[in-house]
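Here the structure comes first, spelled out in structure tokens, and everything after it is commentary.
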Amino acid sequence: MDPQQRMARMQEHHAKRMEALKAKLQLTAAQQGAWDSYASAFTPPPPPAGPREDLAKLSTPERLDRMQARQAARQAHFAKIADATRSFYGQLTPQQQQTFDAETLPRMHARGDGPRGHGPRPGDAPRG
């Protein structure tokens with residue numbers, strides 16, 4: 001699968017998960033603005049403009065600089081998501097917070113039962 005197809009597939013999966021989360025939270029009209037801010041925080045920054053230089057043509061310090069800049073951009077994007085999540089979470093009722101916590105628990109392994117997994121999510125059907 002080419003990178004554009006993979007990105008489109010990931011975006012589609014993310015949109016479906018966000019819609020499912022929104023439905024499970026049963027948001028009120030007063031919470032809609034907070035949801036919109038939260039959901040928009042996940043929009044990735046645009047790719048850098050201009051042609052991509054071949055890494056093989058760069059010196060090691062230049063490659064390190066490029067990697068460091070990408071890492072800084074990822075950290076800034078994560079900070080934006082974290083801030084939006086905290087703000088949105090504060091607008092939820094205790095029951096909605098409990099649902100949000102359960103639905104956003106990270107899964108590290110496809111089945112959730114591997115040595116690095118966090119186990120199945122609440123409500124997941126057992127696999128066998």
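From a predicted model like this one, the values you see are computed outputs, not experimental measurements. Any value given below was found using the heavy atoms of this structure, including those in side chains, with hydrogens, waters and symmetry copies removed.
- By the 4.5 Å heavy-atom criterion applied to side chains, K22 and Q32 are counted as neighbours.
- Taking 4.0 Å as the cut-off between side-chain N and carboxylate O, R66 and E62 do not count as a salt-bridged pair.
- Looking at S40, its side chain does come within 3.5 Å of a backbone N or O of D36 through a donor-acceptor pair.
- Not counting sequence neighbours, the partners of Q98 by the side-chain contact (heavy atoms from CB on, under 4.5 Å) test are Q95.
- Residue E12 is tested with K16, M10, R9 for a side chain to side chain contact (heavy atoms under 4.5 Å, CB included); the sole match is K16.
- Between A34 and Q91 the shortest heavy-atom distance is CB-CG, 3.7 Å.
- How far OG1 of T104 is from CZ of R17: 8.5 Å, rounded to the nearest 0.5 Å.
- Applying the side chain to side chain donor-acceptor pair (under 3.5 Å) test to T93 and every residue at least two apart in sequence or in another chain returns Q96.
- When all heavy atoms of A84 and S37 are compared, the pair lying nearest together is CB-O, 4.2 Å.
- Scanning for side-chain contact (heavy atoms from CB on, under 4.5 Å) contacts around K24 gives T99, E103, with sequence neighbours left out.
- Cluster partners of L64 are absent, since no Ile, Leu, Val, Met, Phe, Trp or Tyr has side-chain heavy atoms less than 4.5 Å from it.
- Every residue meeting the side chain to side chain donor-acceptor pair (under 3.5 Å) condition with R63, not counting sequence neighbours, appears here in chain and number order: T60.
- Clustering of Ile, Leu, Val, Met, Phe, Trp and Tyr by side-chain heavy atoms under 4.5 Å joins Y38 with M18, L21, L25, L27, W35, F42, I81, F88, Y89, L92, F100.
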